Amino acid sequence: MDNDLTEVQADKAQGNQLFPVFLKLNNLHTLLVGGGNVGLEKLTALLNNSPAAAVTIIAKDFLPEVHALASQYPLLKIIQKSFVDTDLDTADIVIAATNDSELNKYVRDSAHDRKLLINVADKPGLCDFYLGSIVQKGDLKIAISTNGKSPTIAKRLKEVLGQSLPGELDITLQQMSEVRNTLSGDFTYKVKELNRVTAILLGPKKAPSTNKIKFLVWATFVGFLAVTITALWLKDPAFKNYVENISPMFYYFLGAGFVFALIDGAIGMSYGVTSTTFSLSMGIPPASASMGVHLSEIMSNGIAGWMHYRMGNVNWKLFKLLLLPGIIGAVTGAYLLSSLEHYAQYTKPLVSVYTLILGIVIFKKALDLKKKRTTAKIKRIPLLGLGGGFIDAVGGGGWGSIVLSTLIAGGRHPRFSLGTVKLSRFFIALMGSLTFITMLNSSHWDAVAGLVIGSALASPVAARISNKISAKAIMMAVSIIVILISIRSISIFLMKVI
């Protein structure tokens, strides 16, 4: 029995034994010893989390950055002198951050004589507490500790959580606070109600099995279609004759639409620009090329938008700001491009210039993929939607490349931006397609049908490969192909003119 108890105690002793707390530094007096680089780092951490904290910093010399902070924070007091133990008389918490190990130890011993908690920089064994890495989203604050083993790991985890947690989470916290304040009844009732309201945050419990079922249905459908076509081909001469007489253009665009949809599923953009560039290279006029792209995107974006809606990935305020301007821009662009269909020999090189520029943009986005996003959010959302919708219709693509990348680069959360852009894209593609169908007489339906069917077949596969292929590699490859084909189209036009 004694041996069993010893084993249990040994198991409990393993791992991180620290007890996490959040201190109200605004109500305490913090003494920081050290005005060099380490002291500045500790001071910055304190003030970033508790700007109204009363902090006294003692050192013989101070970095200019410390004086700069003192001018910004009125409760930060600087005393230029050597440390003596009486400096701890008014302190509640102590931090030793000098480059003198003997002085740090002396400060620690003096703090312990007064029963004060102390943190000693870079000496975990001498610390009563650690300053962990902090992730903050409004009122939500998460502290990360590695038990003093690796501050670098804590820093990396902070970056991962900072990018993964949506900024809109603070809005949820404020709304939950309002809900809690409106509840009446005993403690048990309030807990049950709050649990019920927040259950949606866990997402659908059967989402993984649902995705498997959808994939199985798609796979069964595709398999059934393949078997049926093969049987008809072998048994029915009339069917074989019909298939053989279908324009080869249909099959070219069927394969192209499938491949381009796979690429779009992997990186969240580029379907429009790749499809348009391919269409122009195959001799399709710009307006018909753009119509084919928009028709084929109705189904894929409708499905994707619905899934993002079900997963709670749609920022409805952002959606409303994008939708109407995006539709106006798309309808206007489709109308103008369709009106100029008879001048395709002139509009085609202009669209090729656009796809060339977009290819360069995608290439640059690939290079900047790992760079940290700016914290300043883009504000002119309606103008972005208007311009994105217009350029997307005129150029046959670019809504994802322009709008999505701009939102993310402007500080918007990637997951909410992607869900919102996909859902709004459904309506924009729908209205743009209606405008093209109304305006155009000859629409190269073989190419359009190939794109529509090819992209639809790729939809279930695209979702599965999105996490298995390097987005950077695909973006760079796509951008290079788009740039080369666009340059070729422009060169052909210039040679004809010359």
Side-chain angles (χ1 to χ4, degrees), residues 18 20-136 141-159 162 372 375:
L18 299 176
V21 296
F22 288 88
L23 300 176
K24 295 182 178 180
L25 290 187
N26 295 359
N27 301 330
L28 302 173
H29 178 213
T30 303
L31 180 70
L32 172 61
V33 182
N37 290 320
V38 181
L40 176 62
E41 180 182 351
K42 299 290 186 179
L43 180 63
T44 303
L46 290 173
L47 296 177
N48 283 345
N49 285 279
S50 302
V55 181
T56 298
I57 178 169
I58 295 175
K60 292 181 180 180
D61 299 295
F62 297 92
L63 292 175
E65 292 84 350
V66 175
H67 288 287
L69 287 174
S71 64
Q72 300 175 32
Y73 296 91
L75 295 181
L76 172 59
K77 184 179 180 182
I78 292 178
I79 302 177
Q80 189 168 7
K81 73 179 193 65
S82 298
F83 170 81
V84 293
D85 57 1
T86 54
D87 292 327
L88 301 173
D89 290 346
T90 60
D92 296 305
I93 292 179
V94 185
I95 298 176
T98 74
N99 57 3
D100 186 338
S101 58
E102 291 299 323
L103 176 57
N104 286 343
K105 189 176 183 304
Y106 175 68
V107 175
R108 176 181 180 271
D109 293 340
S110 299
H112 281 181
D113 289 341
R114 288 166 171 75
K115 309 298 182 183
L116 298 175
L117 297 178
I118 183 171
N119 171 271
V120 182
D122 297 327
K123 294 293 182 181
L126 300 180
C127 293
D128 298 316
F129 65 91
Y130 302 137
L131 302 184
S133 293
I134 304 296
V135 180
Q136 183 168 359
K141 184 173 287 187
I142 300 174
I144 303 169
S145 168
T146 61
N147 206 12
K149 297 296 189 299
S150 178
T152 302
I153 293 295
K155 178 182 178 182
R156 296 307 175 204
L157 288 174
K158 172 185 175 181
E159 293 174 355
K372 189 176 181 181
T375 56

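Predicted, not measured: the structure shown is a model, and the values here were computed from it.
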Locate the shortest heavy-atom distance separating [X] from [Y]; write the atom from each residue and the value.
| X | Y | result |
| --- | --- | --- |
| Lys60 | Ser82 | CE-OG, 2.9 Å |
| Ile78 | Ala70 | CD1-CB, 3.6 Å |
| Leu75 | Ala53 | CB-O, 3.5 Å |
| Ala97 | Leu32 | CB-CD1, 4.0 Å |
| Ala59 | Gly34 | CB-C, 3.9 Å |
| Leu116 | Ala91 | CD2-O, 3.4 Å |

With rounding to the nearest 0.5 angstrom, report the [atom1] to [atom2] distance, [X] to [Y].
| X | Y | atom1 | atom2 | answer |
| --- | --- | --- | --- | --- |
| Phe83 | Leu88 | CZ | CG | 4.0 Å |
| Ile134 | Phe22 | CD1 | CZ | 6.0 Å |
| Asn48 | Leu43 | CG | CG | 9.0 Å |
| Ile153 | Ile144 | CD1 | CD1 | 11.0 Å |
| Lys42 | Leu131 | NZ | CG | 4.5 Å |
| Cys127 | Leu117 | SG | CG | 11.0 Å |

- Decide yes or no on side-chain contact (heavy atoms from CB on, under 4.5 Å) for Val107 and Val94, but give the supporting numbers first. CA-CA 8 Å; Val107 175; Val94 185; 3.8 Å; yes
- Hey, does Leu46 have a side-chain heavy atom less than 4.5 Å from the side chain of Thr30? yes
- Quick one: does Phe129's side chain get under 4.5 Å of Ile93's, heavy atoms only? yes
Would you indicate whether [X], at its atom [atom1], is surrounded by more than 12 heavy atoms from other residues, nucleotides or ligands within a distance under 6.0 Å?
| X | atom1 | answer |
| --- | --- | --- |
| Asn99 | CG | no |
| Lys81 | NZ | yes |
| Lys141 | NZ | yes |
| Asp122 | CG | no |
| Asn37 | CG | no |

- Keeping the roles fixed (side chain from Asp87, backbone from Val84), state whether a donor-acceptor pair exists under 3.5 Å. yes
- Taking the side chain from Arg108 and the backbone from Val120, do they hold a donor-acceptor pair closer than 3.5 Å? no
- N-O pairing of Asp89 and Arg114 below 4.0 Å: yes
- Task: Evaluate side-chain contact (heavy atoms from CB on, under 4.5 Å) for Leu69 paired with Leu40, printing each intermediate quantity in order.
- Result: CA-CA 9 Å; Leu69 287 174; Leu40 176 62; 3.8 Å; yes
- Query: When Gln80 is tested against each of Ile58, Asp61, Ile57 for side-chain contact (heavy atoms from CB on, under 4.5 Å), which residue passes?
  - Reply: Asp61
